[in-house]
Amino acid sequence: MKINTHQLLSCAVAAARKAGDHALANLDRRSEADAITHHDVKLKLDVECQAIAEAVVREAFPDHEILGEEDDHAAIAAPSEEEGVLWPTESDETLWVIDPIDGTVNFSHGLPRWCCSIGVLQGGRPVAGVVYAPALGLLYTATCDTVAACNGEPLHVSDTDALEESIVMTGVDRHKNTRVPPLAVFNAIANTAQRPRIMGVAALDMCSVAAGQADGYMETGIFLWDVAAAGLIVQQAGGRTEILQRDNGFKLQFLATNGPIHEELKGVVLKALGTA
Ligand code: IPD
Ligand code: CA
């Protein structure tokens, strides 16, 4: 029996709600860490929430593949590029991409801006996605054949058509020794946009673009699980997404915009990266 995108989205919503509500209910455990590094933290709740989300998906779709942020990604190499494909897989393969807590550092400090993100890919292309921010009471959803929504209300990107009038959400790559100079990109955005914003949650940043509250999003070192759901939500709200470059494994340079500012923002970023 063919599974439709509505069924996939329903399961993704159930999984994200269960994982996100578990994190919210355990806020008092937010400092229980498995590992703390200079710019990041891995929480026990990251791992617990991923297991909760995975269990919901496995019960509904036992033969589907799952890729979670908390999995071991040691042996993954960069895939070849193909237009519209986020992560190349067999054409009949369904891949669930889970970020159990996006914005883990925010969460660990008690800031409410964090979320659970679940994207579903078929043949490598996003077909359903949910971004659930329980502490904010926001549930963003989309499928490839429906308009994006927040708490059931349709979303639409802004019509801002100049970078100098735009809010651009971004982040600074926390990984040292990267060949991409993230501060150069940040400076370029800060010098050209009306305002840059670093809010610490890539998936919610992109949902803000989908909602027309921000006009663009760009990061030089973001991961597949941060963008799998939110990228689709931007597209289905009328916006545009683009992988500027794939680095090793699941790391991407990723751009998401309302559409009208896409080329201008891309030009600024490529110039800063020295590849224009
Ligand atoms: C991070 C957040 C942050 C972004 C980082 C991500 P995590 O995800 O989305 O906003 O700047 O690149 O890795 O580690 O909190 O799940
Ligand atoms: Ca993340």
Side-chain angles (χ1 to χ4, degrees), residues 16 19-20 22-24 27 30-53 67-71 73 97-119 129-136 138 140 167-178 180-183 185-186 189-190 196-210 214 216-231 233-234 241 243-256 269:
H22 177 74
L24 187 63
L27 258 184
R30 66 181 183 272
S31 55
E32 286 179 18
D34 274 343
I36 299 178
T37 55
H38 189 191
H39 294 294
D40 203 9
V41 59
K42 277 286 166 217
L43 302 180
K44 290 196 188 305
L45 282 166
D46 282 315
V47 178
E48 283 175 29
C49 292
Q50 181 170 309
I52 288 168
L67 168 74
E69 177 171 13
E70 307 312 318
D71 294 334
H73 314 117
V97 183
I98 300 176
D99 188 345
I101 303 179
D102 189 22
T104 299
V105 173
N106 283 359
F107 176 81
S108 74
H109 284 260
L111 279 170
R113 198 175 163 84
W114 53 272
C115 61
C116 177
S117 164
I118 303 182
V130 57
V131 172
Y132 176 48
L136 302 175
L138 298 172
Y140 296 91
I167 283 187
V168 177
M169 319 284 270
T170 187
V172 175
D173 192 350
R174 64 187 181 234
H175 294 86
K176 296 276 161 69
N177 305 322
T178 169
V180 177
L183 280 175
V185 172
F186 176 81
I189 291 172
R197 289 286 180 261
I198 296 184
M199 311 286 271
V201 199
L204 279 178
D205 292 350
M206 278 180 257
C207 288
S208 297
V209 175
Y217 160 87
M218 167 69 211
E219 270 196 80
T220 54
I222 198 67
F223 293 86
L224 185 64
W225 40 86
D226 297 305
V227 305
I233 291 167
V234 170
T241 66
I243 298 172
L244 291 188
Q245 189 169 313
R246 291 179 191 274
D247 288 334
N248 283 334
F250 301 108
K251 201 168 175 189
L252 309 168
Q253 291 178 23
F254 198 83
L255 187 60
V269 169

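Positions are given from 1, in the same order as the sequence printed here. Hydrogens, waters and symmetry mates play no part in the numbers below; they use all other heavy atoms, side chains included. Note that the structure is predicted; figures quoted are calculated from it, not measured. All ligand and atom numbering here is 1-based and tracks the order in the structure.
Those atoms of ligand 1 with a heavy atom of I222 less than 4.0 angstrom away are 4 (C), 5 (C), 6 (C), 12 (O). The contact set between ligand 1 and E69, taken as ligand atoms under 4.0 Å from a residue heavy atom, comprises 14 (O), 16 (O). Listed by number with element, the atoms of ligand 1 under 4.0 angstrom from any heavy atom of G221 are 12 (O). Close approach of ligand 1 to D102 (heavy-atom distance below 4.0 Å) involves ligand atoms 1 (C), 2 (C), 7 (P), 8 (O), 9 (O), 15 (O), 16 (O). In summary, the atoms of ligand 1 found under 4.0 Å from a heavy atom of G103, numbered by their order in the structure, are 7 (P), 15 (O), 16 (O). Applying the 4.0 Å criterion to heavy atoms of V201 picks out, from ligand 1, the atoms 9 (O), 10 (O). Taking a cut-off of under 4.0 Å to the non-hydrogen atoms of D226, the atoms of ligand 1 that pass are 6 (C), 8 (O), 9 (O), 13 (O).
Between E219 and ligand 1, at least one pair of N/O atoms sits closer than 3.5 Å. In terms of polar-atom proximity, defined here as any N/O pair under 3.5 Å, F223 makes no such contact with ligand 1. Below 3.5 Å of separation, one finds no N or O of G171 facing any N or O of ligand 1. Taking only nitrogen or oxygen atoms, main chain and side chain alike, V172 does not reach within less than 3.5 Å of ligand 1. The shortest N or O to N or O distance between G200 and ligand 1 is below 3.5 Å.
When the side chain to side chain donor-acceptor pair (under 3.5 Å) test is applied to T241, the partners found at least two apart in sequence or on another chain are Q235. In this structure, Y140 has no side chain to side chain donor-acceptor pair (under 3.5 Å) partners at least two apart in sequence or on a different chain.
At a threshold of 4.5 Å between non-hydrogen side-chain atoms, the residues R197 and V168 do not count as touching. By the 4.5 Å heavy-atom criterion applied to side chains, S108 and L43 are counted as neighbours.
Distances from ligand 1 to the non-hydrogen atoms of I101 include at least one value under 4.0 Å.
Taking a cutoff of 4.0 Å between a charged side-chain nitrogen and a carboxylate oxygen, D226 and K251 do not qualify as a salt bridge.
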Next on the checklist: Under the criterion salt bridge (Lys or Arg N to Asp or Glu O under 4.0 Å), I'd like the reasoning laid out for R113 against D102: C-alpha separation, chi angles, the key distance, then a yes or no.
Outcome noted: CA-CA 9 Å; R113 198 175 163 84; D102 189 22; over 6 Å; no
Next on the checklist: Using side-chain contact (heavy atoms from CB on, under 4.5 Å), reason through C115 and V201 one step at a time and then give a plain yes or no.
Outcome noted: CA-CA 8 Å; C115 61; V201 199; 3.7 Å; yes
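Looking at T170, its side chain does come within 3.5 Å of a backbone N or O of M218 through a donor-acceptor pair.
At a heavy-atom distance under 4.0 Å, atoms from both the backbone and the side chain of T104 approach ligand 1.
The aromatic rings of F254 and Y217 are tilted relative to each other, their planes meeting at an angle between 30° and 60°.
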